[in-house]
Amino acid sequence: MENEKKVPDRFDWTLAFILFLFFIVSLISIYSAQTSGQYSTNFVLDQLKWYIVGAIIIGGALFFDPDQYKKLSWIFYGFGIFLLIVLWIAAKLHLGIAEERNGAHSWFTLPFGSIQPSEFMKVFLILAISRLTSDHNQKYPVKTLQSDFWLLVKIGLTALVPLVLIMEQPDLGTALVIMAITAGMILVSGISWKIILPSFSLVALLGVGIIGVMIYFPDFLKDHIDPYQYGRIYAWLDPYSYASGDGLHLISSLQAIGSGEIFGKGFMGKEVYVMERHTDFIFSLIAEEYGFIGASVVISLFFLLIYHLIKISLETNSQFNSYICAGIISMTAFHVFQNIGMTIQVLPITGIPLPFLSYGGSSLMGNMLAMGLVFSIRFYHKNYMFEADTDE
């Protein structure tokens, strides 16, 4: 093994710089968003506070190496499930700690603020699937269709528990993120494409079929799907027919993004009124004030983050670490694709925030926890003369 690097050399300064750029963009965008007159809270100070908490989370994550995270992965997973069950029970009993927002009971109301446990559950799920997959591949070094199918079943059941609890809240956006994380980790798990292809095709056909039934036979599923979800689908397909209701968000977002043109209207130059532009629709503000150029810079920043995570996943000598990176990449990429996609009518509106930019304590802390795992992977990475998988 090569000589140990000094502590400053082991720290991932590139990732820290990327997060610092997100921090600057977030504060500037939120500051502009909150001056539109629809808010009375100073969200900039709150976001600054959550970023400081996130930095502390990253610092705390560096006290544990990946081997310790592997040993604790099922404990984290169980803790996350416990929180979701407590939240579900509190909502059913109409207890004050289960706050309702937009028809969903996804938050704990605590003296110091609100916490959304599903944001942390996403990271705990990544740890659990990473442990499960690395252990399975070590147990079955010679792969067969039977062993691969068994791994698929185990991953599916692990993801199904939090998925059901989150759908009960109901929180479609986070449920979709859970499915995206699971799908991404299945793709890199080593399962044969003879199993993956038909399985994914079946799920895709099922999803398309449900949307088709919602559109052409709405009465068939009216007892099983919240009418609010129907409104989102119809508003996505034809927002101008629902301009006074479900389509208002999308129309405003499209107008804001389109009016920004190439170079935008400049800082604080927004003119189009967009609701919730400090949270889910922060990208529409960026595109309006800084135009196509500014929006492209932000998207490029996310590409840089994902590229860096891919590089780390390829350099690590541990399957467990690689799977963690793959899960975080899947989570981040889906968040970005879904959030930006819903602001430009590529995808339905689901209320998924834009990572590191949208205002929100739980979302930011969950993403910073994920980055903390990456920092730990880089910090404790060791180079060996003869590289080999170090999972035991």
Is there a path of hydrophobic side-chain contacts, each under 4.5 Å between heavy atoms of I/L/V/M/F/W/Y residues, joining I195 to V153? yes

Check for me whether the distance between the ring centres of Y380 and F64 falls short of 6.0 Å. no

Residues 281-294 vs salt bridge (Lys or Arg N to Asp or Glu O under 4.0 Å), sequence neighbours excluded, gives K265-E288, R277-E288

Taking the inter-plane angle between the rings of F124 and F76 on a 0 to 90° scale, is it parallel (under 30°), tilted (30 to 60°) or perpendicular (over 60°)? parallel

If we only count heavy atoms from C-beta on, is the I115 to L83 side-chain gap below 4.5 Å? no

Pairing donors with acceptors under 3.5 angstrom, does anything connect the side chains of D12 and H308? yes

Pair F375 and F11, ring centroids less than 6.0 Å apart: yes

Looking just at side-chain N and O atoms, do E271 and S259 make a donor-acceptor pair shorter than 3.5 Å? no

Crowding at CH2, W74 (>12 non-hydrogen neighbours, <6.0 Å): yes

Given side chains that start at C-beta, do those of T133 and Q319 come closer than 4.5 Å, heavy atoms only? no

Shortest non-hydrogen contact from A128 toward Y77: CB-CD1, 3.7 Å

With a 4.5 Å cut-off on side-chain heavy atoms, are I24 and F20 touching? yes

Parallel, tilted or perpendicular for H249 and F281, by the 30°/60° rule? tilted

Quick one: do F23 and I299 end up in the same hydrophobic cluster if we chain Ile, Leu, Val, Met, Phe, Trp and Tyr together by side-chain heavy atoms under 4.5 Å apart? yes

Just so I know, are the side chains of S252 and Y273 near enough to count as touching, which here means a heavy-atom distance under 4.5 Å? no

Neighbour count >12 (heavy atoms, 6.0 Å) for atom NZ, K194: no

Worked verdict on L373 versus L127 for side chain to side chain contact (heavy atoms under 4.5 Å, CB included): CA-CA 9 Å; L373 296 178; L127 284 172; 4.0 Å; yes

Quick one: side-chain hydrogen bond (donor to acceptor under 3.5 Å, both in side chains) partners of Y359, sequence neighbours excluded? D46

Side chains of N321 and K70 in contact at under 4.5 Å (non-hydrogen atoms): no

Is it true that R131 and D135 have a side-chain N and a carboxylate O under 4.0 angstrom from each other? yes

Least distance between heavy atoms, Q169 atom then S106 atom: OE1-OG, 2.8 Å

Looking only at the side chains, is there a donor atom on one of Y323 and N137 sitting less than 3.5 Å from an acceptor on the other? yes

Test of understanding: clusters of I, L, V, M, F, W, Y form through side-chain heavy atoms closer than 4.5 Å, transitively. Do F303 and I293 belong to the same one? no

Any W193 side-chain heavy atom under 4.5 Å of I196 side chain: yes

Indicate if M368 and F63 have the same hydrophobic cluster label, given that clusters are the connected sets of ILVMFWY residues with side-chain heavy-atom separations under 4.5 angstrom. yes

Hey, are the side chains of P162 and L84 touching, using non-hydrogen atoms and a 4.5 Å cut-off? yes

F22 vs L357 side-chain heavy atoms within contact, under 4.5 Å: yes

